[in-house]
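Step one of this worksheet: look at the structure below.
Throughout, a chain's letter reflects where its sequence line sits, starting with A, and its residues are numbered from 1.
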2 protein chains.
Amino acid sequence: MRILLALALWSSVLLRASAEESVPAPGNVAGAEYPRIGSDLSVTFRFKAPEAGKVQLRGGTGLVKDTLDFTRGENGVWTLTTPPAVPGFHYYWFVVDGVNVNDPASYSYFGWGRECGGIDVPEAGADFHAIREVPHGAVRAHWYPSKVTGKWRRAHVYTPPDYDKSPATSYPVLYLQHGAGENERSWVEQGRAGFILDNLIAAEKASPMILVADTGYAAFANAPAGTNRSAATAAFEDVMLRELIPGIDAHFRTKTGREHRAMAGLSMGSGQTLNITLRHLDQFAWIGAMSGPPRQGFDAATAYDGVFRDATAFNQRVKLLWLGAGTAEEQIHASTLAMHEALDRAGIQNVFYSSPGTDHEWQTWRRSLHDFAPRLFRD
Amino acid sequence: MRILLALALWSSVLLRASAEESVPAPGNVAGAEYPRIGSDLSVTFRFKAPEAGKVQLRGGTGLVKDTLDFTRGENGVWTLTTPPAVPGFHYYWFVVDGVNVNDPASYSYFGWGRECGGIDVPEAGADFHAIREVPHGAVRAHWYPSKVTGKWRRAHVYTPPDYDKSPATSYPVLYLQHGAGENERSWVEQGRAGFILDNLIAAEKASPMILVADTGYAAFANAPAGTNRSAATAAFEDVMLRELIPGIDAHFRTKTGREHRAMAGLSMGSGQTLNITLRHLDQFAWIGAMSGPPRQGFDAATAYDGVFRDATAFNQRVKLLWLGAGTAEEQIHASTLAMHEALDRAGIQNVFYSSPGTDHEWQTWRRSLHDFAPRLFRD
């Protein structure tokens, strides 16, 4: 009993301490005091719902494992303090009597096939994805009509800091894909890809490059309504090879040709990257697979139409085959490592990157880009 | 009784007809069948909330006056068909037992100081804001450090279609501001400003120009926390004149000087436009006030430090003073018209534009831009 009392007192001291030292989350909508991030990286949420019977928190695993319950306070204001969170960006939302509700204090981020709230928990000492006083590139919307899908599509295109000032210079291109339920904004907003490249380029750690983030969803124009998950991405390869790449090469000052073209993606985008690049090595020489398929049963002799069978030819042709995952996404980390080891055994040159402590979430992919991009477009 | 029965039958026929001829709203998240827009421009919403006691619709006046109640159906699916809506973009959200909930079928649009759902109801024959097969400019994010506010700020910058191809050409600039509760994305997303300019430029109805949409919210760096509404915008003039304009002139190929610089805004942004431009005519020669203050008591002799007192001097100096409002925003339309008439009486050259049937909503402002932009940067 005395121990329980001591624990309770200690907990309340801890809670007070972290509350006292907490600050509004950096991305909050102007003026919002909550959510607040404590010095121990716990996050305190607050939500007014006087008529609600139950309020819960759901979101990314680095913030909330499964579900946490809010406590009802005065005036129908519900509060919740999470355990210390893993640094990085986490989707989150409230479940109010069974209905998903976004925190009005958060901007929206497209994930899980819908707009979600998001919170960015800072990582001590990590400013590789921060906006800093270095020359900035620009991220622009690139709209293009797609005959393959019968729709207008929007990609986001990052041009490096000197793009406008050097009209005679052309640049290599990295095509970078999001994961399932996300879209062409995700690498820019959640991933902070532009700031990561700005910082790497300013430090002369990465070559100036153009980055293209399109949506990986693309259904054929004649696909029946109510498309299933597979049909929703079936046309992406055609879009990319026949429309996106030629359009980018036409509208931007790109270096064309496989040696100046990279493709990478995360999760679903990793699967798309491997499927497209390994079957079109005439188009790509640099390949990055982040937290992605194939999840099991990788066989270097048969995978991807046998592209790994002739290691010497592959190694001569492919400048970079990069694999990576976070240690907290244990199954994916294990299967990615297994693929890396199988490739090593087959004599295929490849790089394996491991992100410490991060799960199937954006901090893994920010770090992945930060590791991957400096390796690109080098001799 | 027979009349009631006939009415009921007729209503059900009408409902069936509009349901049969309805289509998913053009901006729905991929695969979402609802909301649907009927051929009569009624909108049918659908939302699953089995535990809810009450579900209501709220949003822009052209979609829903005040509040509409959903009807509970099987399996906790609630439905609602609105009366025919006014064409254009409308914010909307559901109120589920007193809690604001965004429709997961909608992308988010920042308005009302938070992320809201949005639906774009088509206007027959109006494609001036549609994406069309014409040369497109690009909208890019422009991040800049602000000493005035002590924060990084993001503006969106539209460059015209030939910007990249004509590195020796420089362009005039329109600074365009959103309304209260919105931000730097609003003119691009809700307003479709880029597509409006693309279409006008392709038709040679407007001069190629750069458009800058920043957020009008700017608090001084030393402002106390918990800033009030006035403090939240207090620093905007300083930001604009000392940081935004010099930064745009440094980063983009602009024609500098007042004769190549316009400013316009809607609602709160209209107030900011009049306050800034009329007190800094050394900086601006083209002015647009959309649906904005001053709402009453305009006196041409004393307004804006007496800038209208010398009509001849004003008319020589100011190339365009444009006022506009929608007929359905009756009070604002009346006060804007009163200002226009007072200016006429004072001999001040000005243009008054009236948007038929639209309220204090985005269709008014899309049309306003479509009327305003062709008048800019002409001799």
Would you check, one step at a time, whether the test side-chain contact (heavy atoms from CB on, under 4.5 Å) holds for A:Asn183 with B:Tyr107?
CA-CA 11 Å; A:Asn183 69 11; B:Tyr107 291 99; 4.0 Å; yes
Among [options], single out the residue with the greatest number of heavy-atom pairs under 4.5 Å to chain B.
options	answer
A:Val29, A:Ile131, A:Val139	A:Ile131
A:Arg253, A:His136, A:Arg114, A:Glu115	A:Glu115
A:Ser106, A:Ala49, A:Ser108	A:Ser108
A:Phe110, A:Phe47, A:Tyr144	A:Phe110

Heavy atoms only: give me the nearest B:Arg140-A:Ala138 pair and the separation to one decimal.
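Result for this residue pair: CD-CB, 3.7 Å.
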Please list, in residue-number order, every residue in [range] that has a heavy atom less than 4.5 Å from any heavy atom of chain A; write 'none' if there are none.
range	result
residues 158-171 of chain B	B:Tyr163, B:Asp164, B:Pro167
residues 93-102 of chain B	B:Val96, B:Asp97, B:Gly98, B:Val99, B:Asn100, B:Val101
residues 145-152 of chain B	B:Pro145, B:Trp152
residues 184-202 of chain B	B:Arg185, B:Glu189, B:Phe195

Mind ranking B:Arg132, B:His251, B:His156 by heavy-atom pairs under 4.5 Å with chain A and telling me who comes out on top?
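With the most close heavy-atom pairs to chain A, the winner is B:Arg132.
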Which atoms of B:His142 come close to chain A, meaning under 4.5 Å heavy atom to heavy atom: side chain ones, backbone ones, both, or neither?
neither
Could you tell me whether B:Trp143 atom CH2 has more than 12 heavy atoms of other residues or ligands within 6.0 Å of it?
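Enclosed.
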Residue part contacting chain B, namely of A:Ala30, when any heavy atom lies under 4.5 Å
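No part of A:Ala30 comes within 4.5 Å of chain B.
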